[in-house]
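In what follows, a single structure is set out as C-alpha cells and then discussed.
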Amino acid sequence: MNRKGIDMNDELIILGKRIAFLRKKRGLTQEKLAELIGYSTNHIAKLELAGTNPSFELLVNLANALNIELKELFNFDEYQSTKYIKKEFEKLLHSSEEKKLKLLYKIYQSLDN
C-alpha cells in the first residue's frame with residue numbers, strides 16, 4: 001500500500017478509469033485512440049479495465065494523443081473524494097444481483113461493530 005492507503009492494483013484500476021475518462025472527454029473511441037498511438041483496440045480496452053500494465057512509452061503516447069501532460073494521467077484526486085465513492089457505490093447498488101447486495105450489506109453491517 002502507498003501512503004494514501006491504495007494498493008498497486010487499485011491504482012491500476014484508477015489509471016484505467018482515468019484513461020477512459022480522458023479519452024471520452026476528447027471525444028475519442030477506443031478504436032481511434034488505438035489508431036493514434038499504434039496499439040490495438042483490444043490493448044486499449046485491457047488498459048482501461050486494468051487488465052494490463054502500461055509501459056512508460058505507452059503512457060507518453062497516450063498523453064500526447066490525449067493532448068495532456070503526462071502527470072495528468074495520474075491525477076487521482078477525484079477518485080478519492082466522497083462524491084466519487086458514493087457514485088461508485090450507487091452504481092454497484094443498481095447493477096448488482098440480489099446475492100451480491102446481501103453480501104455488501106453484511107459487510108457494511110460488520111463495519112459498525
Side-chain angles (χ1 to χ4, degrees):
M1 292 220 180
N2 68 21
R3 66 185 185 279
K4 289 187 177 183
I6 301 173
D7 69 29
M8 191 163 164
N9 189 51
D10 289 342
E11 288 184 349
L12 194 58
I13 291 167
I14 293 170
L15 176 62
K17 287 178 180 270
R18 182 80 177 142
I19 291 167
F21 170 79
L22 292 167
R23 173 182 59 75
K24 291 172 187 173
K25 184 177 174 182
R26 295 271 300 145
L28 299 172
T29 63
Q30 288 180 338
E31 293 81 8
K32 184 62 178 173
L33 181 57
E35 179 185 316
L36 288 172
I37 63 173
Y39 280 78
S40 71
T41 303
N42 186 47
H43 196 82
I44 299 300
K46 282 184 182 178
L47 181 63
E48 290 182 2
L49 294 172
T52 187
N53 285 309
S55 67
F56 183 73
E57 179 182 3
L58 173 57
L59 293 171
V60 169
N61 290 338
L62 282 168
N64 289 335
L66 296 168
N67 198 26
I68 59 171
E69 292 184 40
L70 182 61
K71 68 181 182 178
E72 188 62 26
L73 287 174
F74 299 96
N75 183 359
F76 296 168
D77 291 341
E78 70 184 75
Y79 301 98
Q80 301 304 311
S81 73
T82 303
K83 181 179 176 182
Y84 175 81
I85 292 168
K86 285 180 179 180
K87 187 171 74 173
E88 288 298 304
F89 267 112
E90 284 177 17
K91 285 182 197 174
L92 277 173
L93 292 174
H94 292 295
S95 66
S96 293
E97 58 197 44
E98 185 177 340
K99 186 176 180 180
K100 281 186 181 180
L101 285 174
K102 288 179 179 180
L103 179 60
L104 284 171
Y105 184 69
K106 284 181 182 180
I107 292 169
Y108 176 75
Q109 283 183 316
S110 72
L111 296 175
D112 258 354
N113 295 333

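Side-chain contact between Glu48 and Lys17 is absent, with no heavy atoms from C-beta onward closer than 4.5 Å. In this structure, the side chains of Val60 and Ser55 stay at 4.5 Å or more apart for every pair of heavy atoms. Residues Leu103 and Tyr108 are not in side-chain contact: their nearest non-hydrogen atoms beyond the backbone lie 4.5 Å or more apart. Proximity of Leu58 to Leu47: side-chain heavy atoms (C-beta onward) are separated by under 4.5 Å at one or more points. Contact check for Leu49 versus Ile13: no side-chain heavy atoms found under the 4.5 Å cut-off.
When every heavy atom of Arg18 is checked against every heavy atom of Phe76, the shortest pair comes out as CB-CE2, 4.5 Å. Across all their heavy atoms, Leu104 and Ser96 have their closest contact at CD1-OG, 4.5 Å. Residue Leu59 comes nearest to Leu73 through the heavy atom pair O-CD1, 3.5 Å, listed as atom of the first residue, atom of the second, then distance. Of all non-hydrogen atoms in Thr41 and Ala34, the two that sit nearest each other are N-CB, 3.6 Å.
Heavy-atom neighbours of Phe74 CZ from other residues, nucleotides or ligands within 6.0 Å: above the threshold of 12. The local environment of CD in Glu69 is sparse, with at most 12 non-hydrogen atoms from other residues, nucleotides or ligands closer than 6.0 Å.
In summary, of the residues considered (Asn75, Ile68, Leu62), a side chain to side chain contact (heavy atoms under 4.5 Å, CB included) with Leu22 occurs for Ile68 alone.
The same ILVMFWY cluster, assembled from side-chain heavy atoms under 4.5 Å apart, contains both Phe56 and Leu15.
A salt bridge links Glu98 with Lys102: the distance from a Lys NZ or Arg NE/NH1/NH2 to an Asp or Glu carboxylate oxygen falls below 4.0 Å. A salt bridge links Glu35 with Lys32: the distance from a Lys NZ or Arg NE/NH1/NH2 to an Asp or Glu carboxylate oxygen falls below 4.0 Å.
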- Message: Checking Leu66 against Leu33 for the side chain to side chain contact (heavy atoms under 4.5 Å, CB included) test, could you report, in this order, the C-alpha distance in whole Å, the side-chain angles of both residues, the deciding distance, and whether it holds?
- Response: CA-CA 8 Å; Leu66 296 168; Leu33 181 57; 4.3 Å; yes
- Message: Could you go through Leu28 and Leu36, starting from their C-alpha distance and side-chain angles, then the distance that decides it, and tell me whether this counts as side chain to side chain contact (heavy atoms under 4.5 Å, CB included)?
- Response: CA-CA 10 Å; Leu28 299 172; Leu36 288 172; 4.1 Å; yes
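Atom OG of Ser40 is separated from atom CD of Gln30 by 10.0 Å, given to the nearest 0.5 angstrom. Lys25 contributes atom NZ, which lies 5.0 Å from atom CZ of Phe21 (distance to the nearest 0.5 angstrom).
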